Student: 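Following this message is one structure expressed as structure tokens.
Letters go in sequence order (proteins before strands), and every chain restarts at 1. Keep in mind that what you see is a predicted model, and the values were worked out from it rather than measured.
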Amino acid sequence: MEKKLYHCAAYYPELWDETFIRSDIEHMKKIGINCVRMAEFAWHFMEPEQDKIDVSFFVRVADILYENGIDSIICTPTPTPPIWITHDHPERLIVTNKGEHYIHGGRQHVCSNDAFVRERSYIIVEALAKAFANHPGVIAWQIDNEMKANNCMCQSCRRLWHKWLKDRYGTIEDLNEKWGTEVWSQAYNSFDQVVQPFVNREAHNPSLLTEYTRFSRQTLNEYAFAQADIIRKYSTAPITHDIYSGFHIDSEGLFNYLDFTSMNGYTGDDGFNKWLFDFDFYRGIRSDGRFFVTETSPNYAGAILGVGRPHRDGFLEIEALASYASGGFGFSYWHFKQHRCGSELPHGSLLSAWNKPTTGYFQAQKVEKMRKTVEKAFLSTTHEKPQIAITYSEMAREFYETEPILEGKSYFDHMFNLHNCMQNAGLNKDLLPEGAPLDDYKLLFTPFLPYVSDDFLNKAIDFVKNGGTWLIGPMTGSRGEYHTVNTDCCLGKIEQTAGVSVELYHPFSGTGAYLEAFGISAPAFLHGGALRATDSRSLGRISGGLSEGYSFLTEKSMGKGKVVLLSVMPNMFEQAGRELITRLIDHYAIGAGVSNRYRASNGTAVICRSGEGEFKRVITVINGTDREGWYELDDDAISLFSGAVCPKGICKLAPFGYDVLVVKK
Amino acid sequence: MEKKLYHCAAYYPELWDETFIRSDIEHMKKIGINCVRMAEFAWHFMEPEQDKIDVSFFVRVADILYENGIDSIICTPTPTPPIWITHDHPERLIVTNKGEHYIHGGRQHVCSNDAFVRERSYIIVEALAKAFANHPGVIAWQIDNEMKANNCMCQSCRRLWHKWLKDRYGTIEDLNEKWGTEVWSQAYNSFDQVVQPFVNREAHNPSLLTEYTRFSRQTLNEYAFAQADIIRKYSTAPITHDIYSGFHIDSEGLFNYLDFTSMNGYTGDDGFNKWLFDFDFYRGIRSDGRFFVTETSPNYAGAILGVGRPHRDGFLEIEALASYASGGFGFSYWHFKQHRCGSELPHGSLLSAWNKPTTGYFQAQKVEKMRKTVEKAFLSTTHEKPQIAITYSEMAREFYETEPILEGKSYFDHMFNLHNCMQNAGLNKDLLPEGAPLDDYKLLFTPFLPYVSDDFLNKAIDFVKNGGTWLIGPMTGSRGEYHTVNTDCCLGKIEQTAGVSVELYHPFSGTGAYLEAFGISAPAFLHGGALRATDSRSLGRISGGLSEGYSFLTEKSMGKGKVVLLSVMPNMFEQAGRELITRLIDHYAIGAGVSNRYRASNGTAVICRSGEGEFKRVITVINGTDREGWYELDDDAISLFSGAVCPKGICKLAPFGYDVLVVKK
Amino acid sequence: MEKKLYHCAAYYPELWDETFIRSDIEHMKKIGINCVRMAEFAWHFMEPEQDKIDVSFFVRVADILYENGIDSIICTPTPTPPIWITHDHPERLIVTNKGEHYIHGGRQHVCSNDAFVRERSYIIVEALAKAFANHPGVIAWQIDNEMKANNCMCQSCRRLWHKWLKDRYGTIEDLNEKWGTEVWSQAYNSFDQVVQPFVNREAHNPSLLTEYTRFSRQTLNEYAFAQADIIRKYSTAPITHDIYSGFHIDSEGLFNYLDFTSMNGYTGDDGFNKWLFDFDFYRGIRSDGRFFVTETSPNYAGAILGVGRPHRDGFLEIEALASYASGGFGFSYWHFKQHRCGSELPHGSLLSAWNKPTTGYFQAQKVEKMRKTVEKAFLSTTHEKPQIAITYSEMAREFYETEPILEGKSYFDHMFNLHNCMQNAGLNKDLLPEGAPLDDYKLLFTPFLPYVSDDFLNKAIDFVKNGGTWLIGPMTGSRGEYHTVNTDCCLGKIEQTAGVSVELYHPFSGTGAYLEAFGISAPAFLHGGALRATDSRSLGRISGGLSEGYSFLTEKSMGKGKVVLLSVMPNMFEQAGRELITRLIDHYAIGAGVSNRYRASNGTAVICRSGEGEFKRVITVINGTDREGWYELDDDAISLFSGAVCPKGICKLAPFGYDVLVVKK
């Protein structure tokens, strides 16, 4: 696929008179769109009545596009089942944890665990796969749209849930033991008695809640995998899914079964760092260093229940540039032409419903100009592999959904805050899912990971023995697989691994405790452990509060590397807390020999690519703020945009300004 | 009816021992009550068991009242169906969009689209109509109480909904085309598949939502019309309904079928302008310049879930005076005597449940004194017909309920804000429903009207050709009848009418755009269009933001008049925005030759009446604020209250002070 | 029981390997735990399948504990019914007023009005009672856990509700008359038509709401009484229930049937005054001057949905000391060992799930040291009987739940505010339920009591005739038994009793009215009555607002005592309001000859005990604030902690400091 940087838009020709296709293509060419996404919501159009299937329209559109030099990504239409699937069949609808069900009139209102829904989904996917089997314009497939694990409570889910539990536990006694159901007399005598966690006056057992989430995530992925299997029978084009990072889903499992990673993102002008976070995560999932931005608005998001603020002039360019520089090989708008109807009618687009260019049209033309300028340099290089990995676990996020003990913030909030600290410290990093290999990293940071599997632990220990530094963060190891508390010691195997004994474990906020290390004293917050260094060296001391004098930071040598435990979190919402975290990570990044770092003003991203070709290095600099910024060059470089030579040293960057600088070999 | 200004109270004699009637009447006389409203919640009292009907009690009470010089308004008791209607019949209850149903124990808990409910309603109405057929004391009828279009989701509504759609669209293909249901594969194969818009995870199609609202409004009116038809078989007394302006209902359709307009209003001391808004609207609905205030509290509103603050001494007088001066021919309290039980037991009243005068009693006596002072002057004059009309569309309000894109404010909020600007500018105006004739106006202002029907457009064009000035406001014309977006051009026929082309259309808030006209520069907000004046003259320019340099204000001559388009709204929540709007309206009011204007301090209302009799003009001045105010007289006048001569020029008015000044011929 | 001060913890040995029991007991001894609470959530453990009952495990544990000098309180396990009670039996689940039902997976999810639930509850209780019939270690029984009147809407409740109404009213006509159901045509033709008050669009009749609450409270108590009756067949140990003061329940009725009063309380460091309030209430319910603190956390409360902040070092000691000093004969932690699973796994405890001491462990050791120091002095004395009683009516609270007219605050909020005023004024007082005898008091204060029963009125009048002062507060007498308004006069028999006529009754907030008495002028708030003193003397005058010149404070002599009526409330959320209230109570406390008062800084509690033994008086002083405080001693005294002599006069007290001072005879 990567002969070009894709510049793409979602296209719904089925909603318009066919005569528009020619003029639409003219507009695409004027903007520079070289690929479209199609068909994701068109199930009724393809199969208005059961078994009356005809997908030829989309083949015809893809033909015309291809003739005009525009590729296609074909999407399966399963998010929007036609009325004949649900009319008179309420049992196929998703049931919420309040016992309410969704209905026809939105999308993704049916339960993908329902047998009929699955059967009909696979039939329409197969029809589409057959029709596009060898189409030369089809560069990729997309499964469904922004899937989410719904924790559906329907009767189909109930039956599958009981089967899933039986397969997983074997005996009900084993489930009772692992979940600790004697608490509050919740024990079950058979699998078919196990409740679905509908909303209750009292909180459910966390084992039940977390396991139901696992069940929902796994069965959703099975549905996606089955679609991929069908497509693969007919087509060799790679398969993806357009994930939205706010939804609950096992994206690690999903993308490792599919062929490449894609993401949708919608932020305002203040959201540049959120993009960087997402790029660092979606790039890393499959360890292939690439991803596709499947959706973003060319100007503003919107639906009848709310419309966003338009981006300022030029913001779209820095979104696209940051994406391409960070490993994105495609950047796609939602959507080409404004809907004339339906709940998303006020959403931003390139063309208006009356076929006039919008504010987004002109912004996208600027993007295209930028894209052309950088394409050659970017295609001949790849994003420089980070030497720092932060464990970002979607399963950890689910644990904190079950047990929201992060003081009003989410797992994402805290991880985003940490990512920002590291971003500002000029560190190039990946956000790694738990299953990813650690081979090429030097420093691994694993905070807030309640359950540490043996697989993960062993991989991390191997990483350390081979010379890596593993910085274990607070709460990591504090829960078991089934969302219970350890009974041997507070943090399970983490304690022995880190060479510590947790003497006290409790919430630190409001206790007056301070964390002292590196000459900094920062207030403590969240749950944490007061340590005794048994087989390690203490590097930080708790002062004040209920754990006065204990350690919160230890270091232990292991093989060629080090295990460091930060057992209490400095409050990152205060300056001293951010400083302590930054110093700590900095210290171990230096110690671990991390080399790819940069210096720049806060909010200015420096993204480096390198490769075998003409350029030694391609340095993208972007100021994501409305204040003037700066960055420092280590070598003289040439701006791809101005052609000017930038001598090494400090360079200024205007608010929301950017540049791409190449260092020749 | 208009031989007097009515001073009235709601009366529930059925709740008390009959012996109280005589003493109640004594109190009424002491206060000056000359009319009562009766029977609206007494269905069980009249028909405790099905078909066991006896309404003679109310006839007897009306007789006694009449003997004592007190008229009656008889209300149909349909808001409160007895237990035998719903016991064991849950299918007759209203179902909400969350699938919950109401139950016996409140009021208006049954669906007026249910066949049995309708049948029994009409039977009891007929019994009442017969009994009061020729009663000399009955001056009017009231249908039900504060009706609201419930968007009920019951099975009766489901059946009627499908029938309503079939009657309206003919074929399902037509519905699918008009609603654009291919979006998200929502298309229907038959009418009986069309869902009712229960709450869903995703927003419903706006066409579905807006049409369901139309359906609910229309069928509710049918129910009211049927009641009116029955009454008319027996009685010639005029029929009304007591509307509450906060509820959803097609009041234009309703009151044009009934015989006069009535409204209920409850505000605190800070709500004087809300009264003026309501008077300007309810006076105009039937183009007869009159209305009745059917309910307001003599001191404070209240129910067990909350009690309002008592009005300050004298506030009730200015409510009543403003009402009478503005075209109100009746002013009625809710209610005469405090309930001893039920959910409204803490509500303010004239008499307490233990038969003592309340704070409201003494206030009402002051009202009576005022009423007597002004009655002769008011009866010999009528409210001066405004020359400015503002289109106030209840259907527009429904569009914005479906699609709330007014940045956290409601349609009412924005219209109220505009009304206040015009109030402060001293402009006498009507708030006109879409169907009202425009013959007698000089300036028509139509902002925020998403769907402009051909009927309305043609009427407005005729108005312009005959010399009127039509000031079209932002968003007007931006949606079609079925809540879709236009596909020919942004604002449909408005563009040609105004002689413009909308080049860009987008949200303006937060984009840094300013609107420049009349030497004022005001921040833009809400959605709006950037114009190119094709067949018109630009009078205002957008500076900054994404539409820099385009026009937002154009003027075009047509026939003897002008079409003006204000395509982007200045932010009325900031001073510069209010100034720009005020200047704009002022400019066109002057240009259109609007003559009935006044000068007064902000918050001081000047309400003029004139007629054929003794007085050239009767000028009511009311300071609705707690600050000293002033007004300017064009002629010498005499105060009806003090008898003093007020020479022309500036006069002061105390906080919450008032006066009525007559200019003799 | 009272040979010792109990120091206790909740213990769940059934959740752990039996081998832990020995080491657990060692820890208990190290801390000083001399009693445990057991078995409250262990129904499934005792009866995993229907009729397969075995409670011997708990007998065995109690045996071992007893051998080690540790007593037991045995709890009935009825809050946590096993799965076989509800699987396939949704009809046994509690139904909320939204029509939702709870499910297995929490606790107290079944309706205790269901016949099967009752039958099975009584069977398991009897098995437990038999097994522990003569156990020497069992010092008490506990019924269920933190029961709450649920206002359940299930079908069993529906049937019992109709029966309850029939028993209470006899005829439906009587119910209709008492509830005033002709309002809104709500009248019923038979008892089986009477609705349960599910949530409705409109508020229900307050008579219905308040009566349903009465029904729910009474039937819940019946369930508890039946459990007590069963236990009493086998055991002579006293029976209690651990109430949580936030829940709805008739605790007066409950504890008068049981044998002693217990309460659970969880506050943060800022909640010291809440403890004092609870002690003053729970001590007084049975007029025996004693209570048991059944639950509090040794460090912080918590569940998966939220964790509290840990107490500061030493706060646990002042909670325990205040409890023992105020009449508490037991102080118990929840819980001994952290759960390893279930929804309360993050809750504070003495031991962690991995068997290490927690922060709470060390705090509890400090408590034990304190307890030993005071035990002898406390066991030889009793809490000095207050001479002031404040009526604290849980039924009043229910009236205000039905009709929340306290301006955004609850009945508790206002009563707590008043209690704080009196606390700061150094007054020793009881919060008395309506049924308690008044014999030993001098001043009775009865504010905010909507319904005054004849029994209560007659008792209060007797109290006055015998020399007492009855200070009647605002709103008292304003509602009838069935939550209606009086029709003879505003406050019913209160008016004659106080020798007044209420001339106007209305909300006072925002009206500009001030209350003038004792040289203080304070803003008025809430509903109140403007008085004419008919057979009394006015002591306070309303100035401004709508009731200018009327009285709000009257005094009338009756027999040897006085009736005082405070008919409008000064705003206690403002300084002048608190001053007026304090002066008023102070004035009548002095007048009534109240002698047991003290002087201390705001927030410092002085709690006095006296008795027949060695000590004339035992004075506990506790500073519940983070500021330095002081108290004044009337005699020289000796500190039990330091042994030092404290001369009479002013003494300082550190933030959160305490002392116990004995005055020898």
Student: With a 4.5 angstrom heavy-atom cut-off, is it the side chain or the backbone of Thr487(A) that approaches chain C, or both, or neither?
Tutor: both
Student: What residues of residues 95-103 of chain A sit under 4.5 Å from chain C when only non-hydrogen atoms are counted?
Tutor: none
Student: Please state whether the side chain, the backbone, both or neither of Asn189(A) comes within less than 4.5 Å of a heavy atom of chain C.
Tutor: both
Student: Can you tell which of Arg312(C), His339(C), Met46(C) has the highest number of heavy-atom pairs within less than 4.5 Å of chain A?
Tutor: His339(C)
Student: So for Ala353(C), is it side chain, backbone, both, or neither that comes closer than 4.5 Å to the heavy atoms of chain A?
Tutor: both
Student: Which bit of Gln108(C) comes within less than 4.5 Å of chain A, counting heavy atoms only: side chain, backbone, both or neither?
Tutor: both
Student: Under 4.5 Å heavy-atom distance to chain C, tell me which part of Phe508(A) shows up: side chain, backbone, both or neither.
Tutor: neither
Student: Please classify the contact between Leu305(C) and chain A as side chain, backbone, both or neither, with a heavy-atom cut-off of under 4.5 Å.
Tutor: both
Student: Given a strict heavy-atom distance threshold of 4.5 Å, which part of Thr359(C) is in contact with chain A: side chain, backbone, both, or neither?
Tutor: both
Student: What part of Pro81(C) gets within 4.5 angstrom of chain A, counting heavy atoms only: side chain, backbone, both, or neither?
Tutor: backbone
Student: Tell me, for Glu503(A) versus chain C, whether the close heavy atoms (under 4.5 Å) come from the side chain, the backbone, both or neither.
Tutor: both
Student: Could you tell me which residues satisfy salt bridge (charged side-chain N to carboxylate O under 4.0 Å, His left out) with Arg120(C), sequence neighbours excluded, listed by chain and number?
Tutor: Glu47(C), Asp51(C)
Student: Just checking heavy atoms, which of residues 173-180 of chain A are less than 4.5 Å from chain C?
Tutor: Glu177(A), Lys178(A), Trp179(A), Gly180(A)
Student: Pick one of side chain, backbone, both or neither for Leu208(A), based on which atoms fall under 4.5 Å of a heavy atom in chain C.
Tutor: neither
Student: Enter the distance from Arg340(C):CZ to Tyr482(A):OH here, rounded to the nearest 0.5 Å.
Tutor: 11.5 Å
Student: Does any backbone or side-chain atom of Pro79(C) lie under 4.5 Å from a heavy atom of chain A? Answer side chain, backbone, both or neither.
Tutor: neither
Student: Distance only, no hydrogens: is a donor on one side chain within 3.5 Å (strictly under) of an acceptor on the other, for Arg201(A) and Asn150(C)?
Tutor: yes
Student: Of the backbone (N, CA, C, O) and the side chain (C-beta and beyond), which part of Phe45(C) lies under 4.5 Å from a heavy atom of chain A, both, or neither?
Tutor: both
Student: Of all the heavy-atom pairs spanning Pro206(A) and Ser343(C), show the shortest one and how long it is.
Tutor: CD-N, 3.5 Å
Student: Using heavy atoms and a sub-4.5 Å threshold, report which of residues 151-165 of chain A line up against chain C, by residue number.
Tutor: Arg158(A)
Student: Determine the option with the most heavy-atom pairs under 4.5 angstrom with chain A, choosing from Glu344(C), Glu14(C), Glu49(C), Gln338(C).
Tutor: Glu344(C)
Student: Shortest non-hydrogen contact from Phe362(C) to Leu504(A)?
Tutor: CE1-CD2, 4.2 Å
Student: Where the side chain of Ser185(A) meets the backbone of His44(C), is there a donor-acceptor pair that is under 3.5 Å apart?
Tutor: yes
Student: Grab the two heavy atoms, one from Gly105(C) and one from Gln186(A), that are nearest each other, plus how far apart they are.
Tutor: O-NE2, 2.7 Å
Student: Find the one option among Asn355(C), Ile304(C), Thr80(C) whose heavy-atom pairs under 4.5 Å with chain A are most numerous.
Tutor: Ile304(C)
Student: Examine His104(C) together with Tyr188(A) and report whether their ring centres are nearer than 6.0 Å.
Tutor: yes
Student: Under 4.5 Å from any heavy atom of chain A, what part of Tyr361(C) do you find: side chain, backbone, both or neither?
Tutor: neither
